[in-house]
Protein chains: 2
Amino acid sequence: MPTTIKDVAARAGVSPATVSRVLNDRPGISPQTRERVLQAAQELNYTPSVAARSLATARTYNIGYVGYKYGAGPPTDLRSSNATPGILEGIDEELTRRGYHLLTTYVDKEMVRGLDVPNMVRQGRVDGLILNGPAIRPRFILHLRNMGLPVVLVDNLLNETAIDCVLCDNEGGAYQATKHLLEHNHERIVFLSGPADWLSSRERAVGYRRALQEAGLEPRVVFMPSTTVDTGRDGILTALEEYPDLTAVMAVNDATAVGAIQACQQAGRAVPDEIAVVGFDDEPWAQLHIPSLTTVRICWYEIGIQAARRVVDLIERDNQVPIQMRLAVELVIRQSCGCPVTTD
Amino acid sequence: MPTTIKDVAARAGVSPATVSRVLNDRPGISPQTRERVLQAAQELNYTPSVAARSLATARTYNIGYVGYKYGAGPPTDLRSSNATPGILEGIDEELTRRGYHLLTTYVDKEMVRGLDVPNMVRQGRVDGLILNGPAIRPRFILHLRNMGLPVVLVDNLLNETAIDCVLCDNEGGAYQATKHLLEHNHERIVFLSGPADWLSSRERAVGYRRALQEAGLEPRVVFMPSTTVDTGRDGILTALEEYPDLTAVMAVNDATAVGAIQACQQAGRAVPDEIAVVGFDDEPWAQLHIPSLTTVRICWYEIGIQAARRVVDLIERDNQVPIQMRLAVELVIRQSCGCPVTTD
DNA sequence: AACTATTATGCAACCGTTTGCACAACTGTT
DNA sequence: AACAGTTGTGCAAACGGTTGCATAATAGTT
């Protein structure tokens with residue numbers, strides 16, 4: 001029904017093989033022939049069959065994106081990890097540029113634990129994978145990688161087996177933000193962390209520690225099992241019990257920061273006047289919060305672009321040595337750290 | 001390299017044709033043979049080649065999702081339309097259940113205007129399409145539909161040519177919310193609308209008007225060219241000039257509501273005490289806002305599920321008459337409407 | 001002018017399924 | 001016992017590209 005390579009061949013007066021070679025930029029075609037073929041293809045508005053091409057070449061030109069969802073059903077809480085706004089747009093942008101397509105799916109805790117290979121991978125619908133989020137565990141990652149596909153991690157990394165990844169500078173961001181609190185002359189700063197087995201939590205904790213140590217102060221870290229508003233609330237209450245004299249909080253992300261702020265206020269400690277708080281991620285709503293959140297901005301869109309680039313490179317070029325990419329972050333100063341109010 | 005249907009056939013002692021029939025539940029296979037084939041397939045851990053199957057059947061088992069992005073590059077503002085949280089998870093959930101896969105891409109204003117057919121459609125990588133958002137214009141929709149694919153719209157509809165769609169009850173939601181303001185004894189309520197050519201704006205305006213008319217009051221609508229925090233700010237200022245005596249605002253979405261609140265406060269009018277505000281969408285951050293937003297909740301996850309269901313039905317069953325689905329919304333009462341503070 | 005090297009193209013096999021058609025093996029009828 | 005009807009299975013031709021190999025045509029060498 002649609003036009004095939006034979007139609008084009010017939011119209012150009014050549015064989016299908018020649019058409020194929022022209023269309024794939026293979027060498028050894030005379031300029032005149034090439035021209036005639038292109039002309040014919042254009043006139044017939046020819047688009048090669050994806051299925052046939054895939055069958056012959058064992059390539060799909062699809063990239064799989066695996067996101068993380070918290071259990072089946074609608075997303076409930078306001079969290080960090082399902083908030084990587086713009087990453088899909090970034091990936092799509094770059095993939096389109098390179099002639100690839102984006103297949104999207106989500107896995108939950110259970111699937112990760114059960115090494116439940118997504119259908120699109122098992123069926124060979126993709127040439128490569130982008131795995132997003134620290135909740136995607138090492139065993140799962142390795143299991144997917146063993147299916148023979150190039151894999152790029154986002155917001156996560158695997159030390160043992162070198163796998164390509166793109167992340168933001170978690171440590172640097174936390175360092176900068178903590179440093180900012182120190183410049184406000186805070187000396188008793190708590191780090192409200194997420195799960196210790198999440199990379200971003202650990203790295204941000206490291207940045208925080210480094211800043212404190214440089215200032216000759218004692219780090220105080222509270223690990224929490226999640227990074228929601230609720231755990232932020234609980235976390236700060238724990239912290240306030242253990243360190244009643246604290247004057248500032250570095251939160252592992254914005255949701256946690258908001259929880260902390262709420263709990264502080266309920267406990268009668270004004271933010272930022274009595275307790276300063278900074279977050280991480282610069283969620284779109286961070287500037288709307290009252291007080292507006294001082295936080296660390298992550299360029300998810302750019303991360304998406306780089307992840308897509310990388311996975312395509314892994315597919316198309318060989319002998320690639322694994323690369324770990326770190327994208328710079330930016331401290332966005334607003335009110336919650338105690339800086340004077342400005343209009344932004 | 002991977003196992004093929006021939007391997008399975010050999011092991012089961014039958015022809016490839018028979019294996020194919022068993023695996024596709026075709027009739028006319030003896031129970032014993034069926035059993036042996038299934039056994040063999042299982043033992044060899046056989047997965048049919050997607051490409052070969054697509055080539056033979058002209059089906060891909062892929063569904064395309066087309067989202068809207070505001071121009072190339074990273075998303076800038078906090079808006080309504082790129083915030084349909086959970087819709088992709090919902091679509092993925094249902095598609096996985098039905099044996100389909102999700103291809104994702106985004107279009108911007110220019111592409112929509114230029115009738116720029118996404119590659120995945122032009123190349124025939126999908127069997128059906130889900131188009132999300134009111135910014136995807138009728139001409140573009142029809143153009144895509146003319147490519148011969150089943151199309152389901154989300155948060156949008158086309159009256160002239162009946163096309164399947166799934167939306168939330170915009171009118172009912174706005175009606176309910178406005179009604180709630182009326183119960184607070186407000187009599188001078190303004191509707192802060194988005195673009196008049198966005199379906200959701202229009203429908204919400206209708207709900208608002210109906211509520212006012214039932215109360216015997218004069219509707220006051222201000223249309224704005226977009227639905228960001230900024231346009232919310234500008235919009236309320238315009239409204240305040242025109243109707244200085246207004247006591248309540250029904251905003252077309254949460255971002256607009258926030259803009260309105262900010263501008264009111266800057267103008268020295270307390271929210272909700274002097275001016276009550278309600279939003280629409282119940283964005284994840286709406287409850288964090290101060291004052292927390294009274295707003296209308298949309299179940300994007302469920303909308304995603306229904307849209308996916310529908311597009312698969314259109315593909316697999318014939319003689320489907322177009323269906324317009326309306327999902328109920330829920331008024332979420334918080335503080336910005338002037339209701340007493342509660343902990344939620 | 002004969003011969004080799006190079007260039008441009010075609011032939012045909014192959015990628016791994018599905019499916020129309022033919023046919024063999026049974027079952028049941030007269 | 002011959003025959004029609006049913007049931008289960010195999011053969012082989014698609015589906016629409018890519019690519020190794022052969023070969024015709026041309027250019028280059030002595």
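Worth knowing before you read on, the calculation uses all heavy atoms, side chains too, and leaves out hydrogens, waters and symmetry mates. Each chain gets a letter, A, B and so on, in the order its sequence line appears, and its residues count up from 1. Computed from a predicted model, the values in this text were never measured in an experiment.
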For this session: In whole angstrom, give the distance that lies between atom CZ of A:Arg125 and atom P of C:dT17.
Result: 13 Å
Exercise. Tell me: CD of B:Glu35 to P of D:dT9, nearest whole Å?
Worked result: 13 Å
For this session: Report yes or no: do A:Gln306 and A:Glu302 form a side-chain donor-acceptor pair below 3.5 Å?
Result: yes
For this session: Mind jotting down which residue pairs meet the salt bridge (Lys or Arg N to Asp or Glu O under 4.0 Å) criterion with at least one end in residues 111-123 of chain A? Sequence neighbours excluded, please.
Result: none
Exercise. Of the nucleotides D:dT18, C:dA8, C:dT18, which one has an atom closest to the side chain of B:Ile5?
Worked result: C:dT18
For this session: Assign A:Thr33 to base, sugar-phosphate, or nothing according to its heavy-atom contacts below 4.0 angstrom with the strands shown.
Result: sugar-phosphate
Exercise. What's the closest nucleotide to the A:Ser30 side chain, out of C:dA8, D:dG16, D:dG8?
Worked result: C:dA8
Exercise. Distance from A:Leu55 atom CG to A:Arg53 atom CZ, nearest 0.5 Å?
Worked result: 13.0 Å
Problem set entry | Pairing residues for B:Arg21 by the side-chain contact (heavy atoms from CB on, under 4.5 Å) criterion, not counting sequence neighbours | B:Ala17, B:Arg26, B:Ile29
Below 3.5 Å is the cut-off: list the nitrogen or oxygen pairs between protein and nucleotides 22-28 of chain D, distance only.
none

For this session: Can you sort out the partners of B:Pro322 under side-chain contact (heavy atoms from CB on, under 4.5 Å), two or more places apart, ordered by chain and number?
Result: B:Ala162, B:Asp164
Every protein N/O within reach of nucleotides 4-6 of chain C N/O, cut-off under 3.5 Å:
none

Seminar exercise, completed: Interatomic distance, CD@B:Gln324 vs CG@B:Leu157, rounded to 0.5 Å, equals 5.0 Å
Problem set entry | B:Val50: side-chain contact (heavy atoms from CB on, under 4.5 Å) partners, not counting sequence neighbours | A:Gln123, A:Arg125, B:Ser54
For this session: Mark yes when over 12 heavy atoms from residues, nucleotides or ligands other than A:Arg139 sit less than 6.0 Å from its CZ; otherwise mark no.
Result: no
Exercise. Among residues 14-23 of chain A, which contact DNA chain D at a heavy-atom distance under 4.0 Å?
Worked result: A:Ala17, A:Ser20, A:Arg21
Problem set entry | Terminal axis angle for the helix from C:dA1-D:dT30 to C:dT30-D:dA1, five pairs an end, nearest 10 degrees | 50°
Problem set entry | Residue pairs, two or more places apart or on separate chains, that pass salt bridge (Lys or Arg N to Asp or Glu O under 4.0 Å) and touch residues 94-105 of chain A | A:Glu93-A:Arg97, A:Glu94-A:Arg97, A:Glu94-A:Arg98, A:Arg98-A:Asp313, A:Arg98-A:Glu316
Exercise. How do A:Ser49 and B:Ile29 order along DNA chain D: which one's closest nucleotide is nearer the 5' end?
Worked result: B:Ile29
Exercise. Tell me: CG of A:Asn24 to C1' of C:dT9, nearest whole Å?
Worked result: 16 Å
Problem set entry | Counterpart residues, salt bridge (Lys or Arg N to Asp or Glu O under 4.0 Å), relative to A:Arg59 (two or more places apart) | A:Asp127
Seminar exercise, completed: Taken in chain and number order and not counting sequence neighbours, the residues that satisfy salt bridge (Lys or Arg N to Asp or Glu O under 4.0 Å) with A:Asp92 are none
Problem set entry | Interatomic distance, A:Tyr61 OH vs D:dG17 C1' [rounded to whole Å] | 13 Å
Exercise. Expressed in angstrom and rounded to an integer, what is the separation of A:Arg53 atom CZ from D:dG16 atom C1'?
Worked result: 11 Å
Problem set entry | Integer-rounded Å distance: D:dT18 P and A:Asp25 CG | 12 Å
For this session: With sequence neighbours excluded, tell me which residues meet side-chain contact (heavy atoms from CB on, under 4.5 Å) with B:Ile163.
Result: B:Ile141, B:Leu142, B:Arg145, B:Val151, B:Leu153, B:Leu158
Problem set entry | Donor-acceptor under 3.5 Å (A:Asn156 side chain, A:Ile136 main chain) | yes
Problem set entry | C:dT19 phosphate, OP1 or OP2, under 4.0 Å from B:Arg26 side-chain N/O | yes
Exercise. Relative to the ring of B:Tyr106, is the ring of B:Tyr65 parallel (under 30°), tilted (30 to 60°) or perpendicular (over 60°)?
Worked result: perpendicular
Exercise. Nearest-Å distance, NZ (B:Lys6) to P (D:dG10)?
Worked result: 15 Å
Exercise. For the pair made of CG in B:Leu55 and P in D:dC15, what is the distance, rounded to whole Å?
Worked result: 9 Å
Exercise. Among C:dT17, D:dG17, C:dC15, which nucleotide sits nearest the side chain of B:Tyr46?
Worked result: C:dT17
